[in-house]
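Below you'll find the structure, written out as structure tokens, and then a few comments.
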Amino acid sequence: MSKPFFRDLHARFDASGVRAMFAPRKPRHPLLRIALGLVGVAMLAVLLVVGVFVGAAMILFGIARRLLVRQPAPRRDTRIVDAEYRVVRNRDHHALR
């Protein structure tokens, strides 16, 4: 039941002008195709290089900030006592008397 519905829907979408409106068209002239391809590759390379430099700058800024801005060690609360505890399950144990 669903196959004919979707097949019909797909045929309607293909026949509409919506698909043609958003489909990119390649130019017919071969030199213009090559030029636009090179422009696309150049834009990709520029974005890649800028992304690498921005990422490296962010990492270097974080490292420099961590090295230059030292935070004082947190003060310890003197009311806290560090100890070890043991649970005694036997009620007749001599430590409970």
Side-chain angles (χ1 to χ4, degrees):
M1 179 174 160
S2 65
K3 280 188 177 182
F5 174 74
F6 286 117
R7 189 178 312 131
D8 186 39
L9 184 68
H10 187 271
R12 274 191 229 157
F13 181 71
D14 278 345
S16 69
V18 176
R19 183 172 182 177
M21 189 180 347
F22 294 110
R25 300 284 181 228
K26 294 179 185 175
R28 292 185 181 194
H29 197 277
L31 291 178
L32 191 56
R33 271 190 181 193
I34 292 172
L36 288 178
L38 291 176
V39 167
V41 169
M43 286 175 54
L44 184 65
V46 166
L47 289 173
L48 181 69
V49 169
V50 167
V52 167
F53 278 116
V54 168
M58 289 171 58
I59 290 172
L60 289 175
F61 176 75
I63 291 172
R65 186 172 149 220
R66 180 168 287 187
L67 290 175
L68 294 177
V69 179
R70 292 279 182 177
Q71 294 182 356
R75 296 183 61 192
R76 296 188 180 248
D77 193 2
T78 57
R79 298 175 297 163
I80 297 175
V81 177
D82 190 20
E84 293 182 17
Y85 300 95
R86 187 181 340 168
V87 176
V88 181
R89 301 213 187 276
N90 187 1
R91 290 191 178 271
D92 295 333
H93 198 275
H94 64 79
L96 295 176
R97 295 184 188 169

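The chain is numbered in sequence order, starting from 1. Since the structure is predicted, the reported quantities are computational estimates derived from the model, not experimental observations.
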Item to complete: Answer with yes or no whether the hydrophobic clustering places Val46 together with Val54; edges join I, L, V, M, F, W, Y residues whose side-chain heavy atoms lie under 4.5 Å apart.
Response: yes

Practice prompt. State yes or no: do Met58 and Val50 share one hydrophobic cluster built from I, L, V, M, F, W and Y residues joined by side-chain heavy-atom distances below 4.5 Å, directly or via other members?
Written response: yes

Item to complete: May I ask you to list the residues sharing a hydrophobic cluster with Phe61, side-chain cutoff 4.5 Å, ordered by chain and number?
Response: none

Worksheet item: Hydrophobic clusters join Ile, Leu, Val, Met, Phe, Trp and Tyr when side-chain heavy atoms are under 4.5 Å apart, directly or via other members; which others share one with Ile34?
Response: Leu38

Fill in: ILVMFWY clustering at 4.5 Å (side-chain atoms), partners of Leu60
none

